[in-house]
Amino acid sequence: MAGRVKLRWNMPGFRALRTSPKMLQNLQERAERIADKAGPGFVAAPAGVTGGRGRGRAAVVAATRNANRKNAKDHTLVKNLDAGSDSGI
């Protein structure tokens, strides 16, 4: 029987991957696709890096009063999350 295997995670490598310009660009593109599918008044906020564990993030927000009402009533953003998936291209 083999001995116990011990893994050492490369945490700085994970952080570099999660915050790389290519990853942030990918997140921004996904957010823009969701905003486009959600309709007028929804915009993609610029992708950035969070504090703490250093992860990339992007957001789609309702930028107008009508978009905010539409989202509150119809859950527009939740219904359009599929546009951000890889298969949503």
Side-chain angles (χ1 to χ4, degrees):
M1 192 161 156
R4 193 170 182 158
V5 177
K6 186 170 183 175
L7 296 176
R8 297 196 68 211
W9 298 106
N10 181 354
M11 298 312 285
F14 286 134
R15 178 185 276 267
L17 180 65
R18 291 189 308 248
T19 60
S20 70
K22 206 169 190 179
M23 180 63 73
L24 295 178
Q25 179 184 0
N26 181 287
L27 290 171
Q28 185 66 34
E29 290 169 359
R30 289 171 185 259
E32 288 170 2
R33 287 197 312 259
I34 294 168
D36 288 344
K37 189 171 178 188
F42 293 94
V43 296
V49 178
T50 64
R53 293 182 183 229
R55 295 182 174 144
R57 74 172 204 169
V60 178
V61 296
T64 65
R65 181 176 291 181
N66 286 340
N68 199 14
R69 287 180 183 157
K70 181 180 176 186
N71 188 48
K73 180 181 175 191
D74 301 328
H75 308 287
T76 307
L77 289 175
V78 173
K79 289 180 180 177
N80 290 293
L81 280 176
D82 65 323
S85 69
D86 288 331
S87 61
I89 296 175

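- Checked options Arg30, Glu32, Gln25; the residue passing with Gln28 is Glu32 (criterion: side-chain hydrogen bond (donor to acceptor under 3.5 Å, both in side chains)).
- Separating the CG atom in Asp74 from the CG atom in Asn80 is a distance of 10.5 Å, to the nearest 0.5 Å.
- The ring-ring contact (aromatic ring centres under 6.0 Å, His included) contacts involving residues 16-61 comprise nothing, where partners must be two or more places apart or lie in separate chains.
- Not a single salt bridge (Lys or Arg N to Asp or Glu O under 4.0 Å) links Arg18 to another residue, sequence neighbours left out.
- Between Thr19 and Leu24 there is no side-chain heavy-atom pair separated by less than 4.5 Å.
- Here the closest heavy-atom approach between residue Gly41 and residue Ala67 is recorded as O-CB, 3.5 Å.
- Nearest approach of Ala47 to Leu27, heavy atoms of both residues: CB-CB, 4.5 Å.
- Pairing each heavy atom of Thr50 with each of Arg57, the nearest pair is CG2-CD, 3.4 Å.
- When Thr76, Asn71, Leu77 are each tested for a side-chain contact (heavy atoms from CB on, under 4.5 Å) with Val60, only one passes: Leu77.
- Sorted by first and then second residue, the ring-ring contact (aromatic ring centres under 6.0 Å, His included) pairs with a member in residues 6-36 read Trp9-Phe14; sequence neighbours excluded.
- The two residues Ala59 and Ala31 have their closest heavy-atom pair at O-CB, 4.1 Å.
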